[in-house]
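Below is one structure; the comments refer to it alone.
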Amino acid sequence: MDPLGSVIVETGRCIFSFFFTSIATLIKLQHNTGQLRKEFEKLEDRKNGIEEDVRLAETEGKCATEQVKGWLLKVEEIEQEVQPMLEKADRLAVQGCGPCCNILPRYRLCRRMAKKQLEVRQLISLCCFDNVVIDKKSPREAEEMIEKLMELLKGDENKRIAVWGMGGVGKTTLVRNLNNELESSSLMDSIDIVIWITVSKDLDLKKVQSQIAKRLNLELDPNEVIEERAKMLLKRLMMKKFLLILDDVWEHIDLDIVGVPQTDDQANRKILLTTRSLDVCRAMMTDEEIKLDVLKQEAAWNLFAQNTGDVVEVPSINPLARAVAKECSGLPLALKTVGKSMRNKRRIELWKHALHHLQHSDPHIKHIEDEVYRRLKLSYDSLPSKILQSCFLFCSLYPENYSIRTDELIQCWIADRLINEHQPLEDCFNDGIALIETLKDSCLLEQGDCAGTVKLHDVVRDVAIWISTKQGSEEPCTSILFTNITKPPKQFSGFSELTVILLVGNPINKIHDNLFAGLRKVRVLNLSQSHIVTLPPSLSQLQKLRALILRNCCYPEKLPSLGALHKLLVMDLSGTRLRELPNGTSKLKKLQELHLSRTHHLETIEAGTISGLQSLELLDMSFSAYKWDIRCNVDYGKASFNEILTLDRLSIVKLRLDKVDSVTLDSAWLMKLREFNIQISPGSCDSNHLATQHDEKRAILRGVDLMGIKGLNGLLDTASALDLVICGGISALSELSISHRLSSLQSVKSLSISKCDCITSLISGDNISGTILPNLEHLSLNRLENLGAILGGMVPRKGCLKWLKTIEVVDCKKLRALISFALLQQVKNLEQIKVKNCSKMKYIIGGEVSAEMIPKLRVIELSDLPMLKTICSRLPAWPALEMIEVRNCPMLTKLPFATSNGVAATLKEIRGELQWWNRLIYSNDEIKSRLQQRFQPLKPLQC
């Protein structure tokens, strides 16, 4: 074929191909239009549902999360693109596809619709939020903190302010942002200059002086002594109103030596410092300390996403990205470092790799060792002693996010020779608490999930493991931790230097007979909450063992002989199913602590076992099933209560007795004890009661006839806390004082009465002549069906309830008033009132109330009081009131403020439901305005 023919043929093919493709696309136009409209309607439904949720939440004082706001913004943008496209497609469909129609615009529209359909689907897939709304306070944590700092800097009373928190939490960033905000703030009207000084770990006072001088445009001779340079700085600064920012302070800085004015008249000379240590705040004598915590979930995710880029929105990567962010546990430094290392990485394998290393405390992610671990290690390096460093590293042996009981931790530290055991148990405990508080003040340890517990932040734990690993490469391994294993090795070969074994919370159920063979140096064995069924005979080879902790091991019913463990100081068998104490227990001559609480199956303790433990200082048998009856136990060769009385070093006792007529609970013995928790509960070892506080002497009477029981005098005379549960025989507590010939229950500082249907009043003046409960500080009344009044009859005024600080009343159906006018005369030290679910309660405080009658009342919390009409008569002033909380009190329409000046300067907040708040009636608009500033809407209760 000639060239011209070839060109014509090829051109024909191209034209045919173009028209064939175009016609095929045009056929798809109607299909694509329908699909896009269908997906777009789905998106609109999701959007409308979320917007409705947000609108409802806003009525409760909440707002949309930043993630939801961003999603709604993207929906709005795509709406502006899709709606015109659908309208254009509808017009083209009406026109039809005649010979004169322009194919190209239809072709382009069809392609755009196909692409837009994918975008709409992606937006729908991203509509899966952990939280749609949150409290207005939480998303802008940094902004709120800056506002708080601004307010503190405005006040004349705060001359020195500290921002403190763990390394990498964002202290410097926060103060830098504050510094930027100051430039446009009215605060600058009262400040001539802001001086920023970076101090750092190696304090150099001359360097600090030079930085201040540079900001003041003052030349200092580098060869001159510090004192002469200080005089020049002082002279210049005395002429200035300044804010001195000291960033990254690690130790006390003597500002007098530096040359910073320290006079009392210093309202316009402020100091703001950042530090990791609360001890530094104390040394610098700061007036206000603000702790900066890690970010909450939403803010943490937003910061992580900012650093990783849009890759985190890819559906296949998003779940992995969220898991990686979660491993950073809200620490900004870790979120930024890990986020940047994963920026725009789109391979799933890389995200899985990063997650794996983070979950296993492995610093192999780019920059995490240098930028996170080494910076956090500075806090470890700055600890004042090797003992504290070892205590910190010990905590990392516990599983991730594990709340460690402080008493258990102290036990382990004593056993591992980190605390001197050659002192009374109380001193050991105090030393342990001091160590824990120092670690908390250094932000290396934090409060656990429950009272009396502590834990490591996940990233801080990773750093501790990293430090231990580095040290382990130079020293023999001394501790070992197993998590989530079901089959341990048969023997710890090659671990002869091992001193600590922790198998806390493991599903392990069987240990090989020779597992502990050859481990001559082990001092701590902790198998708490493991599924172990029995312990092997090789346990007896751990002859240097000082702490054996089997708390909450539910399966063992018997243990091997422990007679060979001569060095044992602590044995914790609480929460086990043991039926008898192990053989050889009486030979543990050095044992200081024996924990047998919640041993509901314990039947046998051989006679002579307890009396053989002459070093024992703590015996905890609270809620144990063991019966201490003297006569029966002597007949059957079991330990009797008299054995406990022979222990001269005993200072803490916790136990349950069926009755008291066969044991000796005399005042002299009880007075010798530093702490006791003694429950009298016939036939019951129920554990549902208040825990004993440190140094408290608590008596619990459960299911007891209070009029008929004998032998209580010693217990009631010495108890500082008294709990009465389901007791009968008296109509008022004052009868207890008379029937047992007690002086006045003068030792009792905390009193709790619950489910005692016989009680009609707490104190009846008809049957007492002297004072009653003169030292009571805390009163709790719960589910007293027939309680009509706290005070009944004519009550002597002198001394009765005069030290009462808190009163809490719950489920007392017949009580119409909490505090009568007569009672009000007695309770001048009252600080807190809490009332809940009292269906007939009409008022809280009766009679005409004056400020002199309630000079210390700080907190009023009221909940589920359907008949409540008033708190008290309106006062011209409240001397100390800080907080009022009202929930589900529909008839309470007025608050007790007579004038706007009567709104206490101390009042920080009023909490309540938004609907209740909107129904309140005010004497004037000025009161309403002042209260409105302090109102915080309550979250609805979760079912």
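By the 30° and 60° cut-offs, the orientation of the rings of W917 relative to F935 is parallel.
Distance check, rounded to the nearest 0.5 Å: CG of D441 to CG of L278 gives 4.5 Å. Atoms CZ and CD, on R911 and E909 in that order, are 4.0 Å from each other to the nearest 0.5 Å. Atoms CG and CD1, on L182 and I146 in that order, are 9.0 Å from each other to the nearest 0.5 Å. Between the OG atom of S820 and the CD atom of Q826 there is a distance of 9.0 Å, given to the nearest 0.5 Å. Within the model, atoms CG of L178 and CG of L272 stand 6.5 Å from one another, a figure rounded to the nearest 0.5 Å.
Counted within 6.0 Å of CG on N918, heavy atoms from surrounding residues, nucleotides or ligands total more than 12; the atom is thus considered enclosed.
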Check: residues 775-787 side-chain donor-acceptor pairs under 3.5 Å, at least two apart:
residue	atom	partner	partner atom	Å
N775	ND2	Q746	O	2.7
H778	ND1	T806	OG1	2.8
N786	OD1	K814	NZ	3.0
N786	ND2	D757	O	2.7

Name each donor-acceptor pair under 3.5 Å that joins a side chain in residues 830-845 to protein atoms two or more places apart or in another chain, with its distance.
residue	atom	partner	partner atom	Å
N837	ND2	D811	OD1	2.2

Derivation of the side chain to side chain contact (heavy atoms under 4.5 Å, CB included) call for W878 and L907: CA-CA 9 Å; W878 289 81; L907 187 64; over 6 Å; no
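Qualifying side chain to side chain contact (heavy atoms under 4.5 Å, CB included) partners for D449, counting only residues two or more places apart in sequence or in other chains: S403, K455.
In terms of heavy atoms, G330 sits closest to A300 at CA-CB, 4.0 Å.
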